[in-house]
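Heads up, the thing below is written out as structure tokens.
All values reported here derive from a predicted model rather than from experimental measurement.
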Amino acid sequence: MEKKVVIVGGVAGGASAAARLRRLDECAQITLFEKGEYISYANCGLPYHIGGVIPEREDLLVQTPERMEARFKLSVQVKKEVIAIEREKKEVKVKDLVSGEVFRSAYDYLILSPGAEPFMPPIKGIDRDNVFTLRTIPDTDRIKDFVEQRRPEKAVVIGGGYIGLEMVENLQEKGIQVAVAELLEQVINPLDYEMAAMVHNHLRMKGVSLYLKDGVSEILSEKGQTVVVLASGKRLTADLIILSIGVRPVTELARQAGLELGQSGGIKVNHFLQTSDPNIYAIGDAIEVNDLISGQQVIIPLAGPANKQGRIVADNIAGGKEKYHATQGTAIAKVFDLTVATTGNNQKQLDKRGVNYQVSYTNSNNHAGYYPGAVPMLIKLIFTAEEGRLLGAQIVGQDGVDKRIDLLATALKHRLTVFDLQELELAYAPPYGSAKDPVNMAGYVAGNILKGLVQPIQWHQIAQLDQNTVLLDVREEVETKYGKIEGSLNIPLNSLRERLGGLEREQAIVVYCSVGLRAYLACRILSGHGFTQVKNLAGGYKLYRAVQDDQNQVIREPEPEEIYRRSETEEGMHYI
């Protein structure tokens, strides 16, 4: 007996489920209803089409209804909105959005993949014709047409998430002056603040105006111009406004059908992705998932998990018992010249739950420093304070960030420790990496903390030090010309042993260098000579200064890498 399977919504989850189910069951009667015109397209590529990086609109279309029907023997019906689920009859009511006709379609199994929709806050003036959201192909068309026809000079992006910042870059590349208004104290909320500070500084250096901790109260018209009024009273002139405040799950259809919703607002599903009705499955951005680290039910709208969920549901309808275990929130974004990536939990999430953890930072080149083109990346690891199991990782850098976040995401998924990172045998040749890869190095530094070989102090604790604490700068004198922590004593690392007599062994000493390696060596020297209260500034002066620059909105070019590269990377590899 052939199964009747109805799928509500396409794109990542629904289209994946349809294709997988056909591969498993040649006889199933599969119908996919999509209220839009497109069933499978690259959401994440939309900003790059607006910016011209992806010139051809058709390249965004992963699959068309015609091609999908021909290849998979499906009934793909676009511009058809499922408006009700009649669970007792196992039928859905469908409205043809072109003709207005309403009809019914029977199912044995129903898959809900309605996705999420942009959050529209109750801001006066949000319905103006130059205010846009970006979620679909039609959204992209409207923005692109507006940019090409109206030629805006100024834009305001409301919200500093991944899509918002990708729009900032692409609008800026079109010659538009861009400002970002963000209610929170930082952009890219999955990052911890100090990592986001590096992104803030980079955005400002690129000419982007940032208004942080400042929400939008009103959008109005003054003297023929659109003005975005912030909560602080600041007024930003804008020809174009992009709303990128976030998304919320589309759950009205499920709610009206009496399906259970979770506390976070998403559709509640079990490990098999079944809703409270065992004949109805739900996948994608509309559902609650199990957070890999906390075990809590959360909403994490990402394309990768949605694709996996579609495949699992198809397997289960075909007779399998596949489970979807958890989502860990691995994500990456391009922000002009920077690459920003995260996986797992951040400190804010862990602090909220009272988790005991440790933090480490390493600044490593993407490949061997002696091979041309090496660029640094800052890796932050968060791990349990006892056994060193990974809880989260964040990276800000340029080339090679993608490879390292994927390694760390894999380690996180399999509950590896920082000591396991030390043992990873990774491919090495000078153009691609180092004999001790940045992931190995991150494991070594974190392991040294857990073994008690060094005691870190965090950037935000420097302001809390009393006047009796010595701030010891072990960089070369030339490096101090590019900045230093006020009141610090400069003794270059190579001179430290000869100048120990000027320091008191019982006095609290905080050591810092550019990124932390030379300070670690200095801490070991001091400890070896009987100094008992020695700490290393985690992340070094570069991270500390990034935070200070952000808080003071200082725009500066980065210091020349060559003044410290040899001391902090290639030579230092042998000492970790």
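Annotation: Lys323, atom NZ; neighbour count of heavy atoms from other residues, nucleotides and ligands within 6.0 Å does not exceed 12. The neighbour count for Glu148 CD, taken as heavy atoms of other residues, nucleotides or ligands under 6.0 Å away, is above 12. Within 6.0 Å of CD on Glu56 lie no more than 12 heavy atoms contributed by other residues, nucleotides or ligands. Few gaps surround CZ on Arg67; more than 12 heavy atoms of other groups in view lie less than 6.0 Å from it.
Seen from the ring of Phe272, Lys321 counts as a face-on cation partner, given the 6.0 Å and 45° thresholds.
Comment: Lys80 engages Asp96 in a salt bridge, judged by a side-chain N to carboxylate O separation of less than 4.0 angstrom.
Counted by atom type alone, Asp192 and Gln394 present one or more donor-acceptor pairs between their side chains at under 3.5 Å. Donor-acceptor pairing under 3.5 Å is lacking for the side chains of Gln347 and Tyr193. No hydrogens or angles considered: nothing links the side chains of Asn130 and Arg150 as a donor-acceptor pair under 3.5 Å.
Of all heavy-atom pairs between Thr133 and Ile143, the closest is O-CD1, 3.8 Å.
We find the CG-CZ distance between Leu46 and Arg57 to be 10.5 Å, quoted to the nearest 0.5 Å. With rounding to the nearest 0.5 Å, the separation of NZ in Lys308 from OG1 in Thr327 is 8.5 Å. Between atom CD1 of residue Ile312 and atom OH of residue Tyr324 there is a gap of 7.0 Å, rounded to the nearest 0.5 Å.
Below 30°, between 30° and 60°, or above 60°: for Phe132 and Phe146 the angle between ring planes is above 60°, a perpendicular geometry.
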